[in-house]
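When a ligand or atom number is given, it counts from 1 through the structure's own listing order. Excluded from the calculations below are hydrogen atoms, water molecules and symmetry mates; all remaining heavy atoms, backbone and side chain alike, are included.
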Amino acid sequence: MAKIRAAITGVQGYVPDYVLTNQELETMVDTNDEWIQSRTGIVERRILKGENQGTSVIGAEAVKGLLEKTGTDPLEIDMIICATVTPDMPFPATANIVADMVGAKNSFGYDLSAACSGFLYGLATGASFIESGAAKKVIVIGADKMSSIIDYTDRTTCIIFGDGGGAVLLEPTEEEVGIMDSILKSDGSGAPYLHMKAGGSRKPATPETVAAREHYAYQEGSTVFKFAVTNMADVAAEVMDRNNLTGDDIAWLVPHQANKRIIDATARRMDVGDDKVMLNIQRYGNTTAGTLPLCLWDYESQLKKGDNIILAAFGGGFTWGATWLKWAYDPK
Ligand SMILES: CC(C)(COP(=O)(O)OP(=O)(O)OC[C@H]1O[C@@H](n2cnc3c(N)ncnc32)[C@H](O)[C@@H]1OP(=O)(O)O)[C@@H](O)C(=O)NCCC(=O)NCCS
């Protein structure tokens, strides 16, 4: 019997309308456009404004567009995985809220917390359900409303992050396409360098935690940078080595959009030219779990069936990983 693989059969992104430019950030904190662009590559990012607008809004908009473009009835969806660190609420899962918003009444689902690597973890999880035969149509969302946990008085973090995300549809295939291999890693000793101090069970919200600004993302940028630059490049090289792939075999590198300098280092390590590297950090900043599906969405019209694509990410946890996939369809 032919091996069943999980293929991405559609991708859709969503970013909110509001554009937060470097120039506007200059009016909020002591920073400047030149520093932000040269240190990160970011020019602007999107912000989800308005009352009661959670990550589910981003996820649901992406999923609605995905169902429409792939001609999929929401009732056919078996499972929804939502990778996010900014769920609407600690519970219920944002995946459940999205399922309700899009009418996916026959699906089950859950959230997955792996920060910037969340979409890769979600892809591997969704693919396992497809490969085992337990599910036929799985949606994997990577989405974050980072503005809900960013301290806009902290210049070291507020310039980096933005809101947005995307979703892919996974379906079984017997062809030589789809998710071919993944290497996923984590190291909890990295927690002190990138985390949110309060609001969890260890330190529930109190007036003191709010006053101490402990409900915002905390990052020791240069330490995270050091780990990100080595680990993301190493794991991308590892997945290529173990599948006998060279830079010449790769059509596209899809790197997590955290910092242009980390992206460049990964591309160099893989021996992949700039023209093969998906890049949209300049427009969206770091949308955490959202960056990889947003890249695939932006570049979808350039992807051809059989293209070898390496996705690579690094994030809080620490978590990191790389996935080799063969694109499953030509531009429509
Ligand atoms: C956050 C980050 C952009 C900072 O860049 P950096 O080159 O490491 O900068 P440093 O933190 O060493 O700071 C250098 C100087 O710039 C200053 N600086 C920091 N943020 C600034 C800003 N927004 N504007 C102007 N100056 C700033 C610092 O205060 C420091 O000044 P000092 O030398 O006088 O102390 C970078 O560390 C980074 O991208 N880290 C990883 C992000 C990441 O991958 N996140 C995880 C995955 S989600």
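Classified by interplanar angle (parallel below 30°, tilted 30° to 60°, perpendicular above 60°), the ring pair Y193/F318 is parallel.
Protein residues having at least one heavy atom under 4.0 Å from any atom of ligand 1 are D30, T31, W35, R39, T40, C116, R155, T156, I159, I160, L194, Q219, G221, S222, V224, F225, H256, A258, N259, R261, I262, N286, F314, listed by chain and number.
A donor and an acceptor atom, one from each side chain of T84 and D111, are nowhere located under 3.5 Å apart.
Pairs engaging residues 166-189 under the salt bridge (charged side-chain N to carboxylate O under 4.0 Å, His left out) rule: R5-E176, K137-E171, E175-K305, D181-R242, K185-E238 [sequence neighbours left out]. Every pair passing ring pair (Phe, Tyr, Trp, His ring centres under 6.0 Å) that includes a residue from residues 287-310 is listed here, sequence neighbours excluded: W252-Y299.
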Identify each donor-acceptor pair in which a side-chain atom of residues 47-54 lies under 3.5 Å from a protein atom, sequence neighbours left out, and give them as a table.
unit_1, atom_1, unit_2, atom_2, d
Q53, NE2, E51, O, 3.3

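Taking each heavy atom of L292 and F119 in turn, the nearest pair found is CB-CD2, 3.7 Å.
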